[in-house]
Enquirer: 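So that we are looking at the same thing, I have put the structure below in structure tokens.
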Amino acid sequence: EAATAFGRLVSDMWHGESDCVSPEDFQTALGKRYPAFSQGTQQDAQEFLICVLNELHEALQTVRARGGCCFFSPPAQSSKPTDAKASGGVSETSIITELFEGELCYDITCLKCKTTVARPERFTVLSLPIPAKRTCSLQDCLKRFFQQDTLTRNNQIHCSRCGAKRNAAVEAIMTKAPPILVFHLKRFEWQGKHNRKLSTNVCYPLSDLDLAPYGSHGACKDAEYSLCAVVNHSGLLDDGHYTALCKHSLTRNWYHFDDAQVTQIPTSSVQTDTAYLLFY
Ligand SMILES: *[C@@H]1O[C@H](CO)[C@@H](O)[C@H](O)[C@H]1NC(C)=O
Ligand SMILES: [Zn+2]
């Protein structure tokens with residue numbers, strides 16, 4: 001139901017018969033599956049996005065498994081055992097995973113015996129730390145995310161060679177870059193019960209995002225990433241307001257979506273210090 005409502009929403013938007021289109025029906029349908037997102041409640045856009053992608057993935061994968069849809073090619077069954085999901089044993093793909101799912105590989109090295117194990121992990125949204133108070137670049141965030149980290153205390157790993165809990169060094173690389181890359185800027189910091197919002201101005205490129213330093217050989221080489229949308233969050237966590245900046249894929253013009261108001265904006269306005277999610 002949510003997937004059908006989403007389809008209607010997208011087609012209404014592209015038909016362009018009205019000045020704006022309300023996503024109400026889609027939200028109602030999604031709210032039935034994820035009650036936290038039923039109407040009238042304040043929610044986090046990143047969590048919402050993950051639910052939307054999950055819901056569409058589940059729906060579109062079912063359609064294809066029934067063989068009822070002719071839009072998609074048959075699922076590409078991967079022969080790599082690491083691709084198999086623990087539950088099903090077969091890799092479950094959908095148009096959503098094809099577009100949004102990438103893979104990281106964490107190399108975890110025991111600091112005692114130096115044994116390294118590789119742990120692959122899939123992602124759809126990369127949550128990036130913001131390493132500065134006032135200004136930094138998206139590259140600074142990426143550098144921090146991919147830099148080597150040490151796991152100690154509660155985060156120690158069990159080393160099978162030592163047969164004990166050990167401190168470890170961990171480092172991630174991107175082994176598969178998805179066609180659409182979504183970044184979540186971690187602006188909200190929890191300190192006990194209180195949260196703080198970082199108002200750092202994160203500068204991000206509108207085109208030619210360079211992922212080469214973080215990818216395994218060839219994984220990100222030919223990928224070219226241009227910014228296509230930004231989720232803009234102003235205010236605090238509990239009483240903020242979300243708007244979106246989106247690039248029209250044909251005219252290449254940028255638009256600002258603020259509830260029922262949709263306005264064309266100059267490209268120079270796309271860089272904003274309130275960016276929360278970035279879509280490349
Ligand atoms: C982000 O949202 C705020 C509040 O809705 C708005 O004032 C601001 O213009 C938006 N930023 C951009 C770049 O559109
Ligand atoms: Zn060890």
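Quantities reported herein were computed from a predicted structural model and do not represent experimental measurements.
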Enquirer: Grab the two heavy atoms, one from G102 and one from P178, that are nearest each other, plus how far apart they are.
Expert: CA-CD, 3.7 Å
Enquirer: Can you give me the closest heavy-atom contact between A45 and V231, atom names plus distance?
Expert: CB-CG1, 4.1 Å
Enquirer: Is there a side-chain contact between R187 and H233, using heavy atoms and a 4.5 Å cut-off?
Expert: no
Enquirer: Is it true that a side-chain atom of T200 and a backbone atom of K133 form a donor plus acceptor pair closer than 3.5 Å?
Expert: yes
Enquirer: Of all heavy-atom pairs between F26 and A5, which one has the smallest distance, and what is that distance?
Expert: CA-CB, 3.7 Å
Enquirer: With a 3.5 Å distance limit and no angle check, can you tell me whether Q139 reaches the backbone of D210 through a side-chain donor-acceptor pair?
Expert: yes
Enquirer: With no hydrogens and no angle check, just 3.5 Å: does a side-chain donor-acceptor pair link S94 and H57?
Expert: yes
Enquirer: CD/Q264 to OG1/T251 distance, rounded to the nearest 0.5 angstrom?
Expert: 7.0 Å
Enquirer: So, does Y204 use its side chain to make a donor-acceptor pair with the main chain of T272 at under 3.5 Å?
Expert: yes
Enquirer: Check S137 against V202 and note the closest heavy-atom contact, atom names and distance.
Expert: C-CG1, 4.0 Å
Enquirer: Are T109 and T116 close enough that a side-chain donor and a side-chain acceptor fall under 3.5 Å?
Expert: yes
Enquirer: Show the nearest heavy-atom pair for residues Q46 and S127, with the distance to one decimal.
Expert: NE2-OG, 3.6 Å
Enquirer: Quick one: does D273's side chain get under 4.5 Å of T135's, heavy atoms only?
Expert: no
Enquirer: OH of Y255 to CG of L245: how many Å apart, nearest 0.5 Å?
Expert: 13.0 Å
Enquirer: Give a yes or no on whether the backbone of A2 and the side-chain of K32 come within a donor-acceptor separation of less than 3.5 Å.
Expert: no
Enquirer: For a quick test of reading the model, state the closest non-hydrogen atom pair linking A275 to L185 and the distance between them.
Expert: O-CD1, 3.6 Å
Enquirer: What distance do D19 atom CG and Q261 atom CD have between them, rounded to the nearest 0.5 Å?
Expert: 10.5 Å
Enquirer: Enter the distance from R166:CZ to L151:CG here, rounded to the nearest 0.5 Å.
Expert: 14.5 Å
Enquirer: Pick one: which of L56, L49, I180 meets side-chain contact (heavy atoms from CB on, under 4.5 Å) with F100?
Expert: I180
Enquirer: Using atom types as modelled and distance alone, determine if a side-chain donor or acceptor of Q43 lies under 3.5 Å from a backbone N or O of A36.
Expert: yes
Enquirer: Donor-acceptor pair, distance only, cut-off 3.5 Å: does the side chain of T175 make one with the backbone of S216?
Expert: no
Enquirer: For the CD atom of E121 and the SG atom of C105, what is their distance to the nearest 0.5 Å?
Expert: 10.0 Å
Enquirer: Which residue in the set F123, Y276, F145 passes ring pair (Phe, Tyr, Trp, His ring centres under 6.0 Å) when paired with H184?
Expert: Y276
Enquirer: Distance alone, cut at 3.5 Å: any donor-acceptor contact between the side chains of T243 and N232?
Expert: yes
